Amino acid sequence: MGWMTDALQALTQGKDITVRPRGGSMRGVIEDNQPVTLAPVNPLEVRAGDVVFVRWKGGALLHLVKDATPERVLIGNALGRINGWARRSDVLGRVARVHPRTSGP
């Protein structure tokens, strides 16, 4: 997936990146194709309520942190689904800004 590859590359280089994630699992927080800026983050600073870009089962997700312990974060979508626990070291970045939606493609 293009935006995920671009995000992974930028975040591992310590750079912010603005992407347009696709899909409806974050509806109400981030709409399909709505621009968001991801920023590198210290995984120990991630808290419940943050939206993070996280490695998950061989891929990556942009999801909400539902709960957090010193070692792990519980991730899920904005529609109530819980994916499961991920190691904090798998958190690659955090949403720094959700940009206003614009009309058009």
Side-chain angles (χ1 to χ4, degrees):
M1 207 178 248
W3 76 265
M4 287 187 183
T5 302
D6 294 344
L8 178 59
Q9 183 178 16
L11 293 168
T12 57
Q13 293 174 358
K15 299 177 185 175
D16 292 6
I17 185 169
T18 299
V19 296
R20 290 178 166 269
R22 301 305 314 251
S25 67
M26 292 297 291
R27 191 172 47 244
V29 177
I30 301 167
E31 302 304 325
D32 180 56
N33 206 35
Q34 183 174 8
V36 297
T37 298
L38 303 175
V41 65
N42 176 341
L44 296 176
E45 295 175 359
V46 171
R47 302 286 178 252
D50 288 344
V51 178
V52 295
F53 185 61
V54 59
R55 284 187 189 98
W56 184 254
K57 295 188 178 183
L61 295 173
L62 187 63
H63 267 19
L64 282 167
V65 175
K66 302 286 191 165
D67 196 4
T69 71
E71 297 83 27
R72 304 180 305 167
V73 293
L74 182 64
I75 59 170
N77 67 25
L79 305 176
R81 179 167 187 251
I82 300 295
N83 292 77
W85 290 95
R87 297 174 304 194
R88 282 189 178 267
S89 60
D90 288 331
V91 175
L92 305 170
R94 175 170 51 196
V95 170
R97 180 174 180 218
V98 177
H99 299 265
R101 295 201 65 188
T102 59
S103 58

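Nothing here was measured: the structure is a model prediction, and the numbers come from that model.
In terms of modelled atom types and a separation under 3.5 Å, the side chain of Gln34 and the main chain of Val98 share no donor-acceptor contact. Of the possible polar contacts, one joining the Asn77 side chain to the Gly80 backbone as a donor-acceptor pair under 3.5 Å is found.
Considering only heavy atoms from C-beta on, Leu64 stays 4.5 Å or farther from Ile75 through its side chain. A heavy-atom distance below 4.5 Å is not found between the side chains of Leu74 and Val65. Proximity of Asn83 to Trp56: side-chain heavy atoms (C-beta onward) are separated by under 4.5 Å at one or more points. Side chains of Pro21 and Val36 form a contact here, defined as non-hydrogen atoms less than 4.5 Å apart. Side-chain contact between Thr69 and Trp85: present, with at least one pair of heavy atoms (C-beta onward) separated by less than 4.5 Å. At a threshold of 4.5 Å between non-hydrogen side-chain atoms, the residues Asp16 and Leu38 do not count as touching.
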Atom pairs and distances, side-chain donor-acceptor, residues 41-52, under 3.5 Å, sequence neighbours left out:
{"residue": "Asn42", "atom": "OD1", "partner": "Leu44", "partner atom": "N", "Å": "2.9"}
{"residue": "Arg47", "atom": "NH1", "partner": "Leu44", "partner atom": "O", "Å": "3.1"}
{"residue": "Asp50", "atom": "OD2", "partner": "Arg47", "partner atom": "N", "Å": "2.9"}
{"residue": "Asp50", "atom": "OD2", "partner": "Arg94", "partner atom": "NH1", "Å": "3.1"}

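To the nearest 0.5 angstrom, Met26 atom CE is 6.0 Å from Leu62 atom CG. Annotation: the span from Leu92 atom CG to Met4 atom CE amounts to 11.0 Å, rounded to 0.5 Å. To the nearest 0.5 angstrom, Asp67 atom CG is 9.5 Å from Arg72 atom CZ. Leu11 CG to Asp6 CG: the interatomic distance, rounded to the nearest 0.5 Å, is 10.5 Å. Atoms CD1 and NE2, on Ile30 and His99 in that order, are 10.5 Å from each other to the nearest 0.5 Å. Here CD1 of Ile82 is found 9.0 Å from NE2 of His63. Values are rounded to the nearest 0.5 Å.
Smallest separation of non-hydrogen atoms from Ala39 and Ala96: CB-CB, 4.0 Å. Nearest heavy atom pair, residue Arg88 against residue Ala68, reads NH2-CB, 3.2 Å.
A salt bridge (charged side-chain N to carboxylate O under 4.0 Å, His left out) check over residues 27-42, counting only residues at least two apart or in different chains, returns the pairs Arg22-Asp32.
Val54 is not connected to Leu8 by any chain of hydrophobic side-chain contacts under 4.5 Å among Ile, Leu, Val, Met, Phe, Trp and Tyr, and they are in different clusters. No chain of hydrophobic side-chain contacts below 4.5 Å, direct or via other Ile, Leu, Val, Met, Phe, Trp or Tyr residues, connects Leu61 to Val29.
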